Trainee: 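Take this structure, written in structure tokens, and hold onto it; I'll ask about it next.
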Amino acid sequence: MEQKVIATVGGHQITEAEVEAFIRSLPREQQAYASHPDFRKQCEEQLIAVYAFAKYGEEEKIDETEEFKNVMENARKDILAQMAMRKLFATVNVTEEEIKEYYEANKSKYSKGASVHAKHILVDNEEKCTELLNAITSGEKVFEDVAKESSTCPSGANGGDLGEFGRGQMVKEFEDAAFAAEIGHIVGPVKTQFGYHLIKVEDKKEAGESNLEEVKDQIRAELSQKKQEEAYRAKVDELKKKYMD
């Protein structure tokens with residue numbers, strides 16, 4: 001399929017595919033803007049500038065200088081080394097049995113603390129907080145609706161949902177109240193440095209060990225990195241013996 005040509009610079013046609021490849025080479029946080037027309041236009045302009053300067057460099061005969069030749073040789077060396085390492089690392093494999101054995105030998109490493117899944121409503125004074133609590137407990141209003149209407153926390157837009165959190169992730173007063181509350185009950189007003197909270201606990205999980213399925217990907221990554229490091233060191237030793245005078 002013929003690619004759409006964005007621009008022609010010094011005889012080179014910059015296509016949509018080349019722009020896409022350029023965007024994929026950018027840091028991940030920048031790639032998030034790929035669908036934005038202004039960002040895409042900026043990338044196209046960058047490519048045009050690169051080819052224009054490269055053409056200008058040819059006209060100035062920069063590619064005939066010793067400096068250019070040295071830079072090209074260093075780039076060639078770096079690319080060869082990177083591709084050779086990539087080929088080496090492609091041989092590294094972590095088996096399911098290795099993952100299981102590692103997990104069994106290191107279970108304590110994957111212990112997890114107790115956690116709470118809670119929602120909250122945050123307001124700036126105790127009187128208002130008590131009024132909202134009475135409206136909810138009387139059945140006049142629903143907790144999640146009140147959070148959307150009255151909470152000053154950004155979580156209010158999501159019904160006050162804070163998701164699951166463990167010890168040490170919230171301010172102490174809030175944490176103590178949440179961990180002490182019963183599932184489904186609403187507690188408050190709870191005063192913190194941010195204001196006054198109503199807290200509704202959705203779920204609780206006791207401290208314990210993560211099961212194998214929960215940590216399998218983490219273990220695979222750890223073992224893979226370890227094996228790659230071992231393969232790298234062994235290959236360097238081998239190559240030093242082979243190539244060093």
Side-chain angles (χ1 to χ4, degrees), residues 1-96 98-99 153-158 161-163 169 214-245:
M1 182 177 177
E2 189 175 342
Q3 286 287 332
K4 178 183 175 182
V5 176
I6 303 300
T8 301
V9 184
H12 176 83
Q13 293 185 330
I14 300 174
T15 65
E16 286 275 11
E18 190 169 359
V19 175
E20 291 290 345
F22 176 75
I23 292 172
R24 286 196 299 271
S25 72
L26 296 173
R28 189 176 297 274
E29 60 270 18
Q30 292 185 34
Q31 292 182 34
Y33 299 100
S35 61
H36 197 286
D38 290 343
F39 178 77
R40 194 173 188 84
K41 184 66 177 175
Q42 183 181 354
C43 291
E44 291 173 4
E45 290 298 325
Q46 280 184 258
L47 275 176
I48 289 170
V50 167
Y51 279 106
F53 269 104
K55 190 65 179 176
Y56 173 64
E58 288 179 0
E59 290 177 354
E60 292 294 307
K61 301 188 184 302
I62 291 174
D63 56 338
E64 297 178 14
T65 64
E66 283 302 313
E67 182 184 3
F68 177 84
K69 292 173 184 177
N70 289 335
V71 170
M72 287 297 292
E73 181 54 32
N74 286 333
R76 175 181 175 278
K77 173 192 64 185
D78 290 341
I79 293 168
L80 279 172
Q82 289 171 20
M83 293 183 70
M85 282 189 279
R86 193 184 309 158
K87 182 178 180 180
L88 173 66
F89 293 156
T91 65
V92 171
N93 181 47
V94 178
T95 67
E96 293 295 313
E98 286 174 322
I99 293 172
C153 177
S155 66
N158 196 31
D161 199 342
L162 295 170
Q169 293 182 256
E214 290 177 304
V215 297
K216 181 182 284 188
D217 289 343
Q218 181 184 342
I219 293 175
R220 190 189 306 278
E222 289 177 13
L223 292 181
S224 180
Q225 182 177 355
K226 183 181 178 182
K227 282 190 166 189
Q228 286 182 0
E229 289 172 355
E230 290 171 350
Y232 175 83
R233 286 195 297 269
K235 196 67 176 177
V236 168
D237 289 342
E238 175 192 329
L239 295 176
K240 283 164 73 175
K241 291 175 184 176
K242 183 175 181 180
Y243 297 124
M244 286 185 71
D245 295 331

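This is a predicted model, so every value here is computed, not measured. Every heavy atom of this structure was used, including side-chain atoms; hydrogens, water molecules and symmetry mates were not.
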Trainee: What's the separation between atom CZ in F89 and atom CD in E229, rounded to the nearest 0.5 Å?
Mentor: 8.5 Å
Trainee: May I have all residue pairs that pass salt bridge (Lys or Arg N to Asp or Glu O under 4.0 Å) and include part of residues 74-83, sequence neighbours excluded?
Mentor: E73-R76
Trainee: Taking all non-hydrogen atoms of both residues, which atom of S224 and which atom of V92 are closest, and how far apart?
Mentor: O-CG1, 4.1 Å
Trainee: Test side chain to side chain donor-acceptor pair (under 3.5 Å) on Y51 and E18; report intermediate values, then the result.
Mentor: CA-CA 12 Å; Y51 279 106; E18 190 169 359; 2.4 Å; yes
Trainee: Distance from L88 atom CG to M83 atom CE, nearest 0.5 Å?
Mentor: 14.0 Å
Trainee: Got a list of side-chain donor-acceptor pairs under 3.5 Å for residues 231-238, not counting sequence neighbours?
Mentor:
{"unit_1": "K235", "atom_1": "NZ", "unit_2": "E238", "atom_2": "OE2", "d": "3.4"}

Trainee: Do you know which two heavy atoms are closest between L26 and C43, and how far apart they sit?
Mentor: CD1-SG, 4.1 Å
Trainee: Start with the C-alpha distance between R40 and I23, add both sets of side-chain angles, then the distance that settles side-chain contact (heavy atoms from CB on, under 4.5 Å), and finish with yes or no.
Mentor: CA-CA 8 Å; R40 194 173 188 84; I23 292 172; 3.6 Å; yes
Trainee: Give the intermediate values and the outcome of side-chain contact (heavy atoms from CB on, under 4.5 Å) for residues K41 and H36.
Mentor: CA-CA 9 Å; K41 184 66 177 175; H36 197 286; over 6 Å; no
Trainee: Once rounded to the nearest 0.5 Å, what's the spacing between atom CD of E222 and atom CG of D217?
Mentor: 11.5 Å
Trainee: Hey, what do you get for CD (Q225) to CZ (R220), rounding to the nearest 0.5 Å?
Mentor: 15.0 Å
Trainee: Evaluate Q228 against M85 for side-chain contact (heavy atoms from CB on, under 4.5 Å), listing each step before the verdict.
Mentor: CA-CA 9 Å; Q228 286 182 0; M85 282 189 279; over 6 Å; no
Trainee: Using a strict cut-off of less than 4.0 Å between a Lys/Arg side-chain nitrogen and an Asp/Glu carboxylate oxygen, indicate whether E230 and K227 qualify as a salt bridge.
Mentor: no
Trainee: For residues T65 and I62, report the shortest heavy-atom separation together with the two atoms involved.
Mentor: OG1-O, 2.7 Å
Trainee: From Q13 CD over to K4 NZ, what is the distance, rounded to the nearest 0.5 angstrom?
Mentor: 13.5 Å
Trainee: At what distance, to the nearest 0.5 angstrom, does CD1 of I99 lie from CD1 of I219?
Mentor: 7.0 Å
Trainee: So F22 and V50, do their side chains get closer than 4.5 Å, heavy atoms only?
Mentor: no
Trainee: Given salt bridge (Lys or Arg N to Asp or Glu O under 4.0 Å), test K226 with E98 step by step and report yes or no.
Mentor: CA-CA 12 Å; K226 183 181 178 182; E98 286 174 322; over 6 Å; no
Trainee: Are more than 12 heavy atoms, taken from residues, nucleotides or ligands other than E67, located less than 6.0 Å from that residue's CD atom?
Mentor: no
